[in-house]
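For the numbers below, each heavy atom of this structure counts, side chains included, while hydrogens, waters and symmetry mates do not. Note on naming: letters A, B, ... go to the chains in the order of the sequence lines (proteins, then strands), and numbering restarts at 1 for each one.
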Protein chains: 2
Amino acid sequence: MNTKKKTTIKDIANVLNISPAAVSKALHNDSRISEKTKKAVRQVAKNLNYQPNHLASALRSGKSKLVGVIVPRTNSNFFSSVIQNIEEVLNKEGYNIIITQSNESYKKECDSIDTLLFTQVDGIIASMANETIDLFYYEKIKSKGIPLILFDRGENDLNVDYIGINDYDSSHVIVKHLVSQGCKRIAHIGGFKHTRIYNNRINGYIDALKKHHLPLDDELLIESNLTIEEGREKMKQLLSLKNRPDAVYVAGDYAALGALQVLNEEKISVPNEIALVGFGNEPFTDMVTPRITSINQHSEEIGKQAAFVFLKHAKNSIIKQKLDKKILDAELIIRDSSNKKTFL
Amino acid sequence: MNTKKKTTIKDIANVLNISPAAVSKALHNDSRISEKTKKAVRQVAKNLNYQPNHLASALRSGKSKLVGVIVPRTNSNFFSSVIQNIEEVLNKEGYNIIITQSNESYKKECDSIDTLLFTQVDGIIASMANETIDLFYYEKIKSKGIPLILFDRGENDLNVDYIGINDYDSSHVIVKHLVSQGCKRIAHIGGFKHTRIYNNRINGYIDALKKHHLPLDDELLIESNLTIEEGREKMKQLLSLKNRPDAVYVAGDYAALGALQVLNEEKISVPNEIALVGFGNEPFTDMVTPRITSINQHSEEIGKQAAFVFLKHAKNSIIKQKLDKKILDAELIIRDSSNKKTFL
DNA sequence: TATATTTGCTTAAACGTTTAAGCAAATATA
DNA sequence: TATATTTGCTTAAACGTTTAAGCAAATATA
């Protein structure tokens, strides 16, 4: 059907009666090629509609110009925004990204890693699945010498670059806010301790309670996978206590939403009877009734920084650099679910 | 640092004292290689931890084993689910996908197409941006002989494979449902007519009104870009009418959400004063108050079908096949926002 | 037994680049 | 003017596969 052969560097060389090597150098702006030749090459390339064969140059140079991105899921605003910003930065530098979703599954994550390694990506930017405890596959990436950058869900033991927000401080900001609203029994529906960010949020919660001289009650500290369903369950669990909390800080917006549904169903006034705070600032926190107070995770900044760190590695691969650990300040977005003043 | 050279087909050949060609054939299960040799090759490949060089085989065979996917955005459940299902099907066949987001921008979409063509993808699966009217870039894909499959946001003029739901019928189902709820003045906040799916929904709406002997009022038919913001605006516009509608059918869930926010703010009872129906069955339709009736778009099925159609092309590229146009039945999920019975 | 076919490999070239090494002509330096 | 350096290219090999063509040995066929 379409038998138009693609134009190659050779075709350009033939037109100008120079060697393909000269063409290649001209296109790469090599200083040892004359301006005159460069201009001619560029002109002919344009005329013949030359498109460089990415596979050939990748093979020869050993660089695929592809970066793998692994996220637990893309249908969360946080991850999709991070991805978009990674893409924006990397596209400008001639890189493309391959996105894979782990769906929070350890097995799927391992498959993704194998797939990306097979595709010869030049680097991997990842946020770990909830399930992941065994770091073997991540060590595999490191051992191949491929730059690995983690964001949000990281892991100290891996000893790689990391970009995230200050989870420990976020808990402090939240507790302080709730205390200022007059709350005295603050519960925490947290993530699993084995994930660093959730562990930090839990520790921040515990320390902030101490700081404000509030008692730490084991009944009020619950670990969960932070899905909507578990948010509902754990909220019910809290409501069944003899001594109910007057505030609940949930370590994820989806679980916070589940908790809110239960509170609404039980006709419990939010924030007056129980104040509610989520984490992540997903768009729906601003859509439900009442709107949910949450922590902005700076997804744009995280995406951009992750891309920059990768580029740094890509540009000087030889020098063993010291690790980049970038911790961004979190920002509390106060909304109806915790702001009693709007109800006075 | 990491100087371990990668093992190649040559290394395997050396160990077994056969030619690299024989190794390649053995790994591809060529019928002209003895079982004995195949077994030996597979064993040595395993021992040496051989990973085929995807770039080399892609260059030689002219196939990159990459498929490009273009979506308006990934942070909608519909698109992220479609993508996930495309990925699942294609991964099994050894393909990887490169996801790009157009952000509903025509320019970004064109860039994406160029990027994907540059990366030498073997095919492109796309859903068009709202802004896109000029089809030049899509024609470019076709003219290069690269399989192009559209889903959801398609375009008749392009004459390519398409997978989507029956938008015309969906409008009929919605109008029928609203009529059964006693609604007599049904408004439609639609998408732009130049996008085929929205045009079909509008035509379905018009024809369904006729069928049920309801008058068609120009004031009640509005085109929009279906963002939350425009959902709010257009709803306000409808509320400012002397003769308000008693039902609003919005062609997208996000705009429906915006409309609902306005209705809630204005203390208008939903569904009793005004019934509301969205489109897309985004998860948040089941989270807000009242829960929004919507159309399930069968994202899983659409993703899988799109992948299958691509594979069909990839497998027999020579034969000019007739086009696949797969139109799936839509399904109405009735919730509180339109179900007056639950309020009686 | 003579010829034809099949089996199981090898040889060599190719995919389209990039890059190290080298060389002649032009220019700079002493 | 003689030598050194720079400029602007060319040559040839390489990246790791795949594949068309071919060939000897083994097997089938007449």
Side-chain angles (χ1 to χ4, degrees), chain A residues 3-42 44-45 48-66 94 117-122 144 317, chain B residues 3-42 44-45 48-66 94 117-122 144 317:
Chain A
T3 43
K4 243 191 306 179
K5 286 254 316 206
K6 285 187 184 159
T7 54
T8 72
I9 243 172
K10 249 183 175 166
D11 301 324
I12 302 176
N14 285 340
V15 170
L16 295 170
N17 250 337
I18 56 176
S19 71
V23 175
S24 171
K25 285 177 182 164
L27 291 171
H28 287 86
N29 210 21
D30 189 296
S31 62
R32 294 283 286 277
I33 300 291
S34 71
E35 260 323 308
K36 199 179 131 201
T37 307
K38 282 182 191 171
K39 261 189 193 150
V41 166
R42 280 192 278 256
V44 174
L48 299 182
N49 190 26
Y50 169 70
Q51 296 283 115
N53 185 321
H54 154 260
L55 293 170
S57 64
L59 174 62
R60 178 60 232 251
S61 64
K63 298 287 162 200
S64 68
K65 286 283 186 177
L66 291 170
L117 292 177
F118 169 72
T119 316
Q120 321 256 55
V121 293
D122 290 345
K144 298 224 174 197
S317 53
Chain B
T3 43
K4 243 193 305 179
K5 287 253 315 205
K6 284 189 186 158
T7 56
T8 71
I9 244 172
K10 249 184 177 166
D11 300 322
I12 301 176
N14 285 341
V15 171
L16 295 170
N17 250 333
I18 55 177
S19 71
V23 174
S24 172
K25 285 177 183 164
L27 290 172
H28 286 88
N29 211 20
D30 189 297
S31 62
R32 297 282 286 277
I33 300 290
S34 70
E35 261 322 309
K36 200 179 130 201
T37 307
K38 283 181 190 171
K39 262 190 191 148
V41 166
R42 280 192 277 256
V44 174
L48 298 182
N49 191 24
Y50 169 70
Q51 296 283 116
N53 185 321
H54 153 259
L55 294 170
S57 64
L59 174 61
R60 178 60 231 252
S61 64
K63 298 287 162 199
S64 68
K65 285 282 183 177
L66 290 171
L117 291 178
F118 169 71
T119 316
Q120 321 254 55
V121 293
D122 291 343
K144 298 224 173 197
S317 53

Exercise. What is the minimum heavy-atom distance between Ser57(B) and Ser61(B), and which atoms define it?
Worked result: O-OG, 2.6 Å
For this session: Could you let me know what dC15(D) is paired to, Watson-Crick or G-U wobble, both distances under 3.5 Å, or none if it's on its own?
Result: dG16(C)
Exercise. What nucleic acid atoms does His28(A) come within less than 4.0 Å of, heavy atoms only: base, sugar-phosphate, or nothing?
Worked result: sugar-phosphate
Exercise. Could you state the CZ-P distance from Arg60(A) to dT18(C), rounded to the nearest angstrom?
Worked result: 9 Å
Exercise. Considering only dA12(C), dT11(D), dT17(D), which nucleotide approaches the side chain of Ala21(B) most closely?
Worked result: dA12(C)
Exercise. Can you find a pair of side-chain heavy atoms, one from Leu27(A) and one from Ile9(A), that are under 4.5 Å apart?
Worked result: yes
For this session: Just name whichever nucleotide pairs with dA28(D), Watson-Crick or G-U, keeping both distances under 3.5 Å, else none.
Result: dT3(C)
Exercise. Any side-chain donor paired with an acceptor under 3.5 Å for Lys38(B) and Asn29(B)?
Worked result: yes
For this session: Quick one: pull up CG in Asn49(A) and CG in Asp11(A) and give me the separation to the nearest 0.5 Å.
Result: 12.0 Å
For this session: For Ser34(A), answer base if it contacts any base atom (sugar-phosphate contacts may also be present), sugar-phosphate if it contacts only those atoms, and nothing otherwise; contact means non-hydrogen atoms under 4.0 Å.
Result: sugar-phosphate
For this session: Ignoring backbone atoms, test whether Ser61(B) places a side-chain nitrogen or oxygen under 4.0 Å from the OP1 or OP2 oxygen of dT17(D).
Result: no
Exercise. Counting any heavy atom closer than 4.0 Å, what does Leu55(A) reach on the DNA or RNA strands: base, sugar-phosphate only, or nothing?
Worked result: nothing
Exercise. Taking the nucleotide of DNA chain C with the closest heavy atom to each, which residue, Thr7(A) or Ser19(B), is nearer the 5' end?
Worked result: Ser19(B)
Problem set entry | Between dG16(D) (P) and Leu27(B) (CG): distance, integer Å | 16 Å
Problem set entry | For atom NZ of Lys10(A) and atom P of dG16(C), their distance in whole Å | 8 Å
For this session: Take the protein atom CG of Asp30(A) and the nucleotide atom P of dT19(C), then report the distance between them rounded to whole Å.
Result: 10 Å
Exercise. Using purine N1 to pyrimidine N3 plus N6-O4 or O6-N4 for Watson-Crick, or N1-O2 and O6-N3 for G-U wobble, both under 3.5 Å, which nucleotide pairs with dG22(D)?
Worked result: dC9(C)
Exercise. Once you round it to whole Å, what is the distance between C1' of dG16(D) and CD1 of Ile12(B)?
Worked result: 12 Å
Exercise. Considering only side-chain heavy atoms of Ile33(B), which listed nucleotide, dT17(C), dT17(D), dC9(C), is closest?
Worked result: dC9(C)
Exercise. For DNA chain C, whose closest nucleotide is more 5', that of Gln51(A) or that of Ala22(B)?
Worked result: Ala22(B)
Problem set entry | Asn17(A) CG to dC9(D) P, straight-line distance once rounded to whole Å | 13 Å
Exercise. In whole angstrom, what separates Gln120(B)'s CD from dT17(D)'s C1'?
Worked result: 16 Å
Exercise. For DNA chain D, whose closest nucleotide is more 5', that of Arg32(B) or that of Leu59(A)?
Worked result: Leu59(A)
Seminar exercise, completed: Heavy-atom nearest pair, Ala13(B) first then Ser19(B), reads CB-C, 3.8 Å
For this session: Assign Ser24(A) to base, sugar-phosphate, or nothing according to its heavy-atom contacts below 4.0 angstrom with the strands shown.
Result: base
Exercise. Is Lys25(B) side chain donor-acceptor paired with the dT10(C) base, going by distance under 3.5 Å alone?
Worked result: yes
Exercise. NZ of Lys6(A) versus P of dG16(C): gap in Å, rounded?
Worked result: 9 Å
Problem set entry | Nearest-0.5 Å distance that lies between atom OG1 in Thr7(A) and atom CD in Gln51(A) | 7.5 Å
